[in-house]
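First up is the structure itself, then whatever we jot down about it.
For reference, positions follow the sequence shown, starting with 1.
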Amino acid sequence: MSGQFRRLGERDRAPVRIEVDGVAIEALEGDTLQVAMLTAGRRLRESEFGDGARAGFCLMSACQDCLVWSVDGEPLRACTTPVADGMAVVTREVPWPAQ
């Protein structure tokens with residue numbers, strides 16, 4: 001499957017491996033989660049309101065269209081969260097943290 005985004009430049013940055021819904025993808029150092037996820041695929045998540053796939057809307061952290069979660073349950077705005085090597089996120093259900 002081709003991604004929603006295509007990388008045209010800046011290919012010389014260090015590779016970073018992250019995991020999205022248990023699937024490993026490769027990003028580049030300095031990418032946001034949104035760039036990494038949409039370079040690897042066609043969506044960020046499914047809408048919790050049942051109206052289909054979401055890819056982000058405002059691109060500047062003003063809405064919640066790009067919301068994903070860390071595996072610990074922390075909400076993350078994909079458009080402004082930088083990737084980190086070994087980062088793992090989920091896009092479907094919030095995995096509530098253990099109390």
**Request:** Identify which one of Val20, Leu33, Asp21, Val90 satisfies the side-chain contact (heavy atoms from CB on, under 4.5 Å) criterion when paired with Val68.
**Result:**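 Exactly one pass, corresponding to Leu33.
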**Asked** Which is it for Leu44 and Cys66 under the side chain to side chain contact (heavy atoms under 4.5 Å, CB included) test, yes or no, and what are the steps along the way?
**Response** CA-CA 6 Å; Leu44 291 175; Cys66 68; 3.4 Å; yes
**Prompt:** Where the side chain of Arg42 meets the backbone of Leu38, is there a donor-acceptor pair that is under 3.5 Å apart?
**Reply:**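 No, because the side chain of Arg42 does not come within donor-acceptor range (under 3.5 Å) of the backbone of Leu38.
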**Item:** Side-chain donor/acceptor of Arg45 to backbone N/O of Leu67, under 3.5 Å
**Value:** yes
**Message:** Is it the case that over 12 heavy atoms from other parts of the model lie below 6.0 angstrom from the CD atom of Glu19?
**Reply:**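 Enclosed.
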**Request:** Assess whether atom CD of Glu29 is packed by more than 12 heavy atoms of other residues, nucleotides or ligands within 6.0 Å.
**Result:**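 No, because the 6.0 Å sphere around CD of Glu29 holds 12 heavy atoms or fewer from other groups.
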**Asked** Between Asp31 and Arg7, is there a side-chain N and carboxylate O pair less than 4.0 Å apart?
**Response** yes
**Asked** Should Met87 and Leu28 be counted in the same cluster of Ile, Leu, Val, Met, Phe, Trp and Tyr side chains packed under 4.5 Å apart?
**Response** no
**Prompt:** When hydrophobic residues are tied together by side-chain contacts of less than 4.5 Å, even through go-betweens, does Met37 share a cluster with Trp69?
**Reply:**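 No, Met37 and Trp69 fall in different hydrophobic clusters.
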**Item:** Shortest non-hydrogen contact between Ile25 and Ala36, atoms and distance
**Value:** CD1-O, 3.8 Å
